[in-house]
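Chain letters run A, B, ... following the sequence lines, proteins first and then strands; every chain starts at 1.
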Amino acid sequence: MKTDYKALKELPDDSDYITWAQDFSADAENVLIQLLQKDHFMIKDLPFLLSKEASHYLERMAVLAKGLTQQYHGNVMHVYVPLYLSNYCVNHCVYCGFNASNSIERKTLSLKEIEEEVVALSSQGHRDILLLTGEDPNEVPLSYLLDAVALVKQYFATVGIEIYPLGFDEYAKLVSAGVSHLALYQECYDRELYKQLHPKGPKSNYDFRLRAPEEAAKAGMAAINIGTLLGLRDWRKEIISGAHHLEYLQKKYPEVEYSYSFPRIRQYQGKIFQGQFVDDRDFVQAILALRLIFPHIGLSLSTRESASLRDHLIGLGITRMSAGSKTSVGGYVKNMKEDQDNSQFAISDHRDLSEISKLLENKGVQPVYKNWEVSV
Amino acid sequence: MLNDLFSLGNRKFTSRLMTGSGKYYMDAIIPKVIDASECEILTVALRRVDFDLPGQNILSHVPEHIQLLPNTSGARSADEAIHLARLSRSMGCGNWIKIEVIRDSKYLLPDNYETLKASEFLVKEDFVVLPYITPDLSTARALESCGAAAVMPLGSPIGSNKGLQTRDMIQILISEIEIPVIVDAGIGKPSDACVAMEMGASACLINTAIATASDPVTMARAFSRAIKAGREAFLAGMGPKSNFARPSSPLTGFLHENRL
């Protein structure tokens with residue numbers, strides 16, 4: 001395959017943001033009032049929508065975001081469930097519970113255990129599953145993943161993966177095995193900070209990770225979900241870089257369905273990473289701004305967020321939610337309590353699928369469990 | 001109007017409003033929408049149908065008298081559309097298929113080339129093929145000659161509610177193509193649908209504008225009436241347009257001339 005990473009290497013950093021931040025505030029009110037009259041936004045509008053000044057216009061942005069979400073996606077919410085296959089990891093991400101130097105109980109599910117988990121989940125009504133692992137190619141090689149996908153496919157209509165980045169050939173094999181969705185977050189778009197946050201292990205290779213979604217797109221992945229881990233760096237800069245990453249992929253691989261995630265740093269194993277705090281107001285502004293710029297993409301919200309915040313965000317831009325999640329390996333069958341076990345991070349919304357479904361219905365939103373049919 | 005039946009595939013219908021089943025806040029409202037719209041043809045995205053849960057999936061909300069029109073939403077190539085069509089028939093959804101092949105997730109514009117390939121193939125497998133296309137005369141002619149049951153040009157991008165942005169192109173299809181021209185996608189309000197029918201479209205397919213209305217049932221009824229009005233106007237034969245005023249009592253009528 002011909003590889004053209006030139007554009008990705010030039011992914012806009014925060015220089016635009018710095019330029020406008022200096023001379024925008026004087027006339028911010030007029031600029032924003034005019035901007036928010038529009039019904040169609042461009043990526044160049046993003047810094048304005050993310051500005052501190054725009055945080056005074058969240059209500060107006062919410063009205064627009066709600067309308068666009070309804071128009072493009074309808075009154076529905078796609079519901080999925082994550083399944084952690086393994087927490088072995090050779091990386092040293094300073095913010096993560098799976099960090100190789102953390103002494104947690106490590107486990108990789110056997111195929112039999114995976115089957116027990118998926119039987120339990122599918123009987124709850126789940127039809128869309130996201131398989132997750134840490135990064136340890138010896139413990140979780142591609143052959144294991146292919147076997148796992150083949151097994152899970154028998155119970156689930158949609159199988160996604162959120163695993164370590166791979167190359168074209170590996171993605172092509174996973175697509176053939178039945179994987180249609182890839183979730184891969186850059187975590188942090190700033191190269192310098194990325195190096196500090198990921199000091200050792202294969203994940204320290206920034207470019208390999210950045211390019212992986214493109215390799216997946218070439219390999220025929222139907223849906224790709226990128227994102228940033230909010231709380232590591234100035235969230236405004238991160239969202240701007242992420243939006244440019246998305247724009248790049250979308251122009252080059254328009255056939256792929258894209259979505260964006262906004263995981264916020266959570267407590268893990270009782271520890272809290274000291275990064276840059278992103279409060280609820282900032283978080284909502286990020287979601288609304290991206291919805292206005294990209295009305296057609298999916299926006300995903302995990303159970304990292306509190307039940308009450310998730311309830312309020314239904315209809316405001318979010319189109320995809322996890323439900324009844326456990327972030328520990330083998331957590332569904334054993335019904336383990338997190339924070340005492342081997343989980344990646346603490347979840348915040350503990351409601352099960354039937355509770356989430358009931359909530360959605362009460363809010364006039366239809367939960368959609370299946371939205372994919374394997375092709376060819 | 002009583003004899004004005006809509007022939008499509010091997011069937012005849014009285015309603016010229018087709019609807020969809022996506023984007024509703026609950027599937028249980030679909031039968032009420034169908035009642036209010038008097039629609040007889042309903043399209044359903046195969047990607048949403050959970051064939052493992054018969055009786056609980058979206059198909060369980062489709063009344064029996066309705067002609068089911070499964071669609072291949074999500075297909076990115078002719079091969080994928082063909083796969084979905086065969087799956088649909090094997091799962092008991094009949095042999096009608098709306099071909100949607102989309103390789104653009106931003107605007108959701110159909111890929112006419114792949115759509116044509118899938119249509120040619122599926123017609124040979126005895127499907128009643130209704131292809132969703134960007135209005136283009138060459139494609140529509142090719143679809144007509146390969147045996148498609150209709151062509152379904154978009155009025156504007158799907159879900160955009162922008163109305164008949166491709167009006168002139170659709171008019172050309174209506175003039176040149178013998179099989180039914182069904183305006184699909186982009187119709188945002190009943191007056192848009194009325195205009196399409198006045199132009200001579202055979203039918204309209206409306207989903208988003210009904211499904212996302214505050215009151216989908218009332219909106220469905222409004223579309224039904226607009227489509228009937230537009231159809232009647234078309235059949236009645238509308239007077240020609242002119243840049244000049246044409247008095248009802250011509251000023252030169254005493255010369256027994258009617259020309260301006």
Side-chain angles (χ1 to χ4, degrees), chain A residues 39-40 66-78 122 125-128 154-158 180 217 220-224 246-247 249-251 253-259 294-298 314-315 319 357 360-376, chain B residues 20-30 45-53 56-58 70-88 91 101-109 111 114 157-162 188 207-214 216:
Chain A
D39 57 3
H40 178 70
K66 186 175 182 181
L68 287 171
T69 304
Q70 202 176 32
Q71 183 190 344
Y72 281 79
H73 303 270
N75 298 311
V76 301
M77 181 73 71
H78 301 289
S122 64
H126 282 292
R127 303 291 290 125
D128 182 334
Q154 296 170 30
Y155 297 89
F156 282 82
T158 307
S180 56
M221 194 67 74
I224 294 179
L246 186 74
E247 180 94 337
L249 290 168
Q250 191 170 258
K251 284 203 166 143
Y253 307 95
E255 69 278 14
V256 175
E257 289 179 12
Y258 293 100
S259 45
F294 301 114
H296 57 286
I297 68 165
I314 293 167
T319 54
S357 299
L360 290 168
E361 283 159 16
N362 288 340
K363 283 185 167 275
V365 175
Q366 180 177 188
V368 170
Y369 308 109
K370 175 180 179 288
N371 190 35
W372 188 251
E373 190 60 56
V374 178
S375 298
V376 197
Chain B
S21 54
K23 297 188 174 177
Y24 284 100
Y25 68 91
M26 59 191 284
D27 287 344
I29 199 174
I30 291 173
L46 290 161
R47 65 189 286 174
R48 281 275 312 275
V49 180
D50 197 337
F51 291 111
D52 293 336
L53 293 174
Q56 289 178 51
N57 66 35
I58 195 166
N71 70 62
T72 64
S73 158
R76 293 163 299 162
S77 66
D79 284 348
E80 291 182 352
I82 291 164
H83 166 83
L84 284 167
R86 286 172 168 170
L87 173 78
S88 172
M91 295 309 288
V101 182
I102 292 175
R103 296 180 53 76
D104 180 284
S105 68
K106 186 171 181 182
Y107 303 101
L108 297 176
L109 294 173
D111 183 318
E114 291 290 317
I158 200 162
S160 68
N161 289 342
K162 287 189 172 173
N207 183 52
T208 301
I210 294 175
T212 64
S214 304

Inset, instruction - Using modelled atom types only, decide if a donor and an acceptor are shared between the side chain of S105(B) and the backbone of E255(A) within a distance under 3.5 Å. - result: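 Checking the backbone N and O of E255(A) against the side chain of S105(B), no donor-acceptor pair under 3.5 Å is found.
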
Legend entry - Flag side-chain contact, heavy atom, 4.5 Å: R48(B) against V368(A):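 With C-beta onward as the side chain, the pair touches.
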
Inset, instruction - Under 4.5 Å, counting heavy-atom pairs only, tell me which of Q70(A), Q71(A), E257(A) racks up the most with chain B. - result: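 Top option by heavy-atom pairs under 4.5 Å: Q71(A).
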
Legend entry - Straight-line distance of D39(A) CG to K162(B) NZ, nearest 0.5 Å: 6.5 Å

Legend entry - For the student: nearest non-hydrogen atoms of T212(B) and G74(A), plus distance: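 Heavy atoms of T212(B) and G74(A) come nearest at CG2-CA, 4.0 Å.
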
Inset, instruction - Look at R86(B), R103(B), K23(B) and state which one has the largest set of heavy-atom pairs under 4.5 Å with chain A. - result: K23(B)

